[in-house]
Amino acid sequence: MTLTESDRLIVLATIAGLKRIERGELDFTLKNVRVRIESVVTPDAYFEGANLIYRIAGCDLSVARQTMAQLPQTLPCLLYRDRAHRLVRELRKALVIAGLE
């Protein structure tokens with residue numbers, strides 16, 4: 001999803017958190033969740049699963065495709081918990097069997 005000029009964004013954060021974002025001090029220690037991909041239900045799910053991994057997890061497309069080609073496998077990218085949950089939810093919609101590790 002991309003924000004446009006007329007969109008409104010509401011951020012819930014502490015003042016200290018907003019100041020850290022302003023300074024570019026992101027806490028990457030929270031990226032500690034891995035996604036395990038077990039199998040696919042349909043042949044089309046390989047392609048769609050790789051695209052979802054690329055879009056949601058931010059992995060390189062080549063890594064996403066290689067992961068989907070060698071199932072079962074754990075995604076090599078560490079994710080924030082909410083991003084990992086979203087990826088698993090979207091993969092399941094695309095008929096890819098996946099879960100959190």
Side-chain angles (χ1 to χ4, degrees):
M1 181 168 83
T2 304
L3 295 175
T4 62
E5 189 175 319
S6 62
D7 289 341
R8 189 180 295 182
L9 177 67
I10 298 171
V11 178
L12 301 176
T14 63
I15 296 298
L18 290 173
K19 286 182 179 179
R20 279 197 321 274
I21 292 169
E22 228 174 30
R23 291 188 304 264
E25 298 171 358
L26 302 176
D27 186 5
F28 291 106
T29 60
L30 298 175
K31 273 189 173 183
N32 59 1
V33 180
R34 292 196 185 270
V35 173
R36 175 88 177 156
I37 303 167
E38 296 296 333
S39 62
V40 296
V41 177
T42 66
D44 292 339
Y46 285 104
F47 179 77
E48 185 59 30
N51 288 338
L52 287 167
I53 292 167
Y54 168 72
R55 283 196 324 264
I56 297 172
C59 290
D60 289 338
L61 187 55
S62 61
V63 171
R65 288 191 175 146
Q66 183 179 14
T67 300
M68 290 301 295
Q70 300 172 353
L71 298 181
Q73 192 168 176
T74 300
L75 195 60
C77 309
L78 285 172
L79 302 172
Y80 293 106
R81 181 163 298 283
D82 63 328
R83 183 64 50 157
H85 278 289
R86 178 175 175 222
L87 177 58
V88 168
R89 189 171 53 249
E90 295 299 320
L91 286 170
R92 288 179 179 168
K93 287 180 191 175
L95 302 178
V96 177
I97 299 169
L100 300 181
E101 265 193 354

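These numbers were taken from a predicted model, which means no experiment stands behind them.
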Evaluate the salt bridge (Lys or Arg N to Asp or Glu O under 4.0 Å) criterion for residues R36 and E38: first the C-alpha distance (whole Å), next the side-chain angles of each, then the deciding distance (0.1 Å), finally the verdict.
CA-CA 6 Å; R36 175 88 177 156; E38 296 296 333; 3.1 Å; yes
So which heavy atom on A50 is nearest to which on L61, and how close?
O-CD1, 4.1 Å
Would you name the heavy atoms of L3 and L9 that are closest together and state the gap between them?
CD1-CD2, 4.2 Å
Could you measure the distance from the CZ atom of R86 to the CZ atom of R55? Nearest 0.5 Å is fine.
8.0 Å
Please evaluate residues T74 and R34 with respect to the criterion side-chain hydrogen bond (donor to acceptor under 3.5 Å, both in side chains), reporting the C-alpha separation (whole Å), side-chain torsions for both, the decisive distance (0.1 Å), and the verdict.
CA-CA 7 Å; T74 300; R34 292 196 185 270; over 6 Å; no
If you look at every heavy atom in Y54 and A64, which pair is closest and at what distance?
N-CB, 4.1 Å
Atom CD in E101, atom CG in L78: separation rounded to 0.5 Å?
10.5 Å
Apart from V40 itself, which Ile, Leu, Val, Met, Phe, Trp or Tyr residues share its cluster (side-chain heavy atoms under 4.5 Å, direct or through members)?
V33, V35, I37, Y46, L52, I53, I56, M68, L71, L75, L79, L87, V88, L91, V96, L100
With clusters defined by side-chain heavy atoms of hydrophobic residues (ILVMFWY) lying less than 4.5 Å apart, directly or transitively, does I21 cluster with I10?
no
Once you round to the nearest 0.5 Å, how far does CG of D60 lie from CD of Q66?
11.0 Å
Is the backbone N or O of Q70 less than 3.5 Å from a side-chain atom of Q73, with the two atoms forming a donor-acceptor pair by type?
yes
Going by the salt bridge (charged side-chain N to carboxylate O under 4.0 Å, His left out) test, which pairs reach into residues 87-98, not counting sequence neighbours?
E90-K93
